[in-house]
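Notes for the one structure printed next.
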Amino acid sequence: MTGAVQIDNLTVRYAGATALDDVTLAVAENEMTALIGANGAGKSTLVKALCGLIRPDSGTITVHGRLAHVPEGREMFPDMTVDDNLRLGAWRRRRRDTAPIYDLLPDLAAIRSRRAGTLSGGQQQMVAIGRALMADPEVLVIDELSLGLAPMIVTSLVGHLRNLHATRNLSVLLIEQNARLALDLCRHAYVLESGRIVLHGPAATLARDPRVTAAYLGGHVTVTP
Amino acid sequence: MSDLIGYLITGLGIGAGFALVASGLVAIYRVTRVVNFAQGGFAVLAALLTSTLLAAGLPHGVAELGGVALGALAGLIVGVVAIGRPGTSPGTSLIVTLGLGVLAYAVEVLIWGDQPRSFPGLTGVAEVAGARLPAHYLLILAVTAPVFALMAWFFARTDLGRALTACASNRYAAQVVGIDVRRMGLLAFTIGGALGGLAGVLTTPVQQVTFDSDVTLIVNGFAAAVLGGLTRPMIALAGGLLLGVTQTLVAGYGGGAYQMEVALVLMLTVMIVQAARTGPVPETAR
Ligand SMILES: Nc1ncnc2c1ncn2[C@@H]1O[C@H](COP(=O)(O)OP(=O)(O)OP(=O)(O)O)[C@@H](O)[C@H]1O
Ligand SMILES: [Mg+2]
């Protein structure tokens, strides 16, 4: 079986500090794969290396098909309209018609002429997803789907994502702070800790693994007064 | 009355030259956030080469085109040196452009000497509402207007224009969608060079050029461009025309010695007002 993404022995250092240490990870074709881990674990570093935005120190990355990226923090072109933001998503493509995206994400149609910088976080996240889809990708990498968003918005985004995944051939690598959401949504999952993959396997299995439940699904937050 | 109309049209013609220099500054700043202090030099180089080409017997049109092409090439070279190395900050690049502007003096004096030069443009005298003035001023306006219309359309309505603007709007996002930010920056410098070159070849028939004419051009061009926050071509056009007219009026009715001061005062006023309105200028306006 050929994977959509195959990362082997990936190591990335920032000025001496090792952010990723010998990471091996695969995303199977037409599947959703989750990558979870604490703040600073190296998730975004992995995404940037995968998308060619930083150069790894060693290791190999193979991507089958076109890859598009919903970056951490949404990264709008704030002074441009939603429609212009979407069109730029197709910069590397010949077809730059935005109409299919409005069919897919109808919420965007109503705000197509608004400047992206004036939108709410949830709306911006929707634009970021639409912009990535404009590249007509076979592989979609989403760095923090739910960060900073209200639960209702997250539910609607997840709905959109499920739909997308069901209706087109799309392999997804989902980076997500909300581990429960990620494990629910995806078939496979990886756990990254301090730059190393410490666990991986079927999401359902990981969701029952005591190491995962303790660290990521604990639900117990102690608040010191 | 006919004096006034004469001054106005002359002023618009001179202002159009400033506006073209400003448009080059805008094209470069909009994409790279670099203030290109070598901008006036593109005009000087283009004018000097055009004078040589005309003297060598090339026909009008071809010679001017050669000048503009040299401006574009000079723009590309300045771009390569100023932003070619990844990770150069806009501030560092600005200093590099200043240095290259001074270096250009040496090249210009070496090739063309330090005496003023000029070449004939559109000959003849035009009569507008009773005022008689060199017809060339009208040519300057007739060329500048469509250039600005084209530039505004290009940046706002074409995908390449949007991609260029995207580079400075959010450099990281531009990389995310696959825009080659460095290449776009070099393209902006090339466009800026061509616009500067156009300013030079258009205005030299009515204002002779020396190697250090770039100082007047950059001061006035910057004053015009800063009106629109260095990013808006149409406001830079208005600013350039306003400066040209004001200076011609000051020179016509007052004394010719104060032209540069007009630009400096206007520029300082705009910058002070803007600083008071928005607080300190952020290094990367996001
Ligand atoms: N540009 C950089 N220069 C130096 N160190 C960096 C840089 N970017 C990230 N790091 C470091 O690399 C490590 C991994 O960062 P990364 O952003 O990949 O984490 P993350 O898992 O995405 O975290 P979060 O959940 O907070 O987004 C961190 O220790 C971080 O401080
Ligand atoms: Mg991150």
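Throughout, a chain's letter reflects where its sequence line sits, starting with A, and its residues are numbered from 1.
Taken to the nearest 0.5 Å, the OG atom of Ser169(B) stands 7.5 Å off from the CG atom of Asn85(A). In this structure, Gln175(B) CD and His69(A) NE2 are separated by 11.5 Å, a value rounded to the nearest 0.5 Å. Interatomic distance, OG1 of Thr81(A) versus CZ of Arg162(B), reported as 7.0 Å (0.5 Å rounding). Interatomic distance, Arg171(B) CZ to Glu75(A) CD, rounded to the nearest 0.5 Å: 13.0 Å.
Scanning all heavy atoms of the two residues, the minimum distance from Val177(B) to Gly89(A) falls at CG1-CA, 4.0 Å. Across every non-hydrogen atom of Phe77(A) and Asn170(B), the tightest pair is CE2-O, 3.6 Å.
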| message | Using side chain to side chain contact (heavy atoms under 4.5 Å, CB included), reason through Arg87(A) and Asp159(B) one step at a time and then give a plain yes or no. | response | CA-CA 8 Å; Arg87(A) 283 185 75 84; Asp159(B) 284 332; 2.8 Å; yes
| task | Could you go through the side chain to side chain contact (heavy atoms under 4.5 Å, CB included) check for Tyr172(B) and Leu53(A) one step at a time? | result | CA-CA 9 Å; Tyr172(B) 183 71; Leu53(A) 296 169; 3.5 Å; yes
| request: May I have the step-by-step check of side chain to side chain contact (heavy atoms under 4.5 Å, CB included) for Trp91(A) and Leu160(B), ending in yes or no? | output: CA-CA 9 Å; Trp91(A) 172 245; Leu160(B) 179 58; 3.7 Å; yes
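If you measure heavy-atom distances from Leu88(A) to chain B, the contacts under 4.5 Å come from both the backbone and the side chain. The contact between Met76(A) and chain B is made entirely by backbone atoms, counting heavy-atom distances below 4.5 Å. In this structure, chain B has a heavy atom under 4.5 Å from the side chain of Arg96(A), while its backbone stays farther away.
No more than 12 heavy atoms of other residues, nucleotides or ligands sit less than 6.0 Å from atom CZ of Arg187(A). When the shell of 6.0 Å around CZ of Arg114(A) is examined, it contains more than 12 heavy atoms from other residues, nucleotides or ligands. Taking a 6.0 Å sphere around NE2 of His200(A), one finds it holds 12 or fewer heavy atoms contributed by other residues, nucleotides or ligands. For Arg66(A), the CZ atom counts as densely surrounded, since its 6.0 Å shell holds more than 12 non-hydrogen atoms of other residues, nucleotides or ligands.
The stretch residues 123-130 of chain A places none of its residues near chain B, where near means some heavy atom under 4.5 Å from a heavy atom of that chain.
Thr165(B) places a side-chain heavy atom less than 4.5 Å from the side chain of Met80(A).
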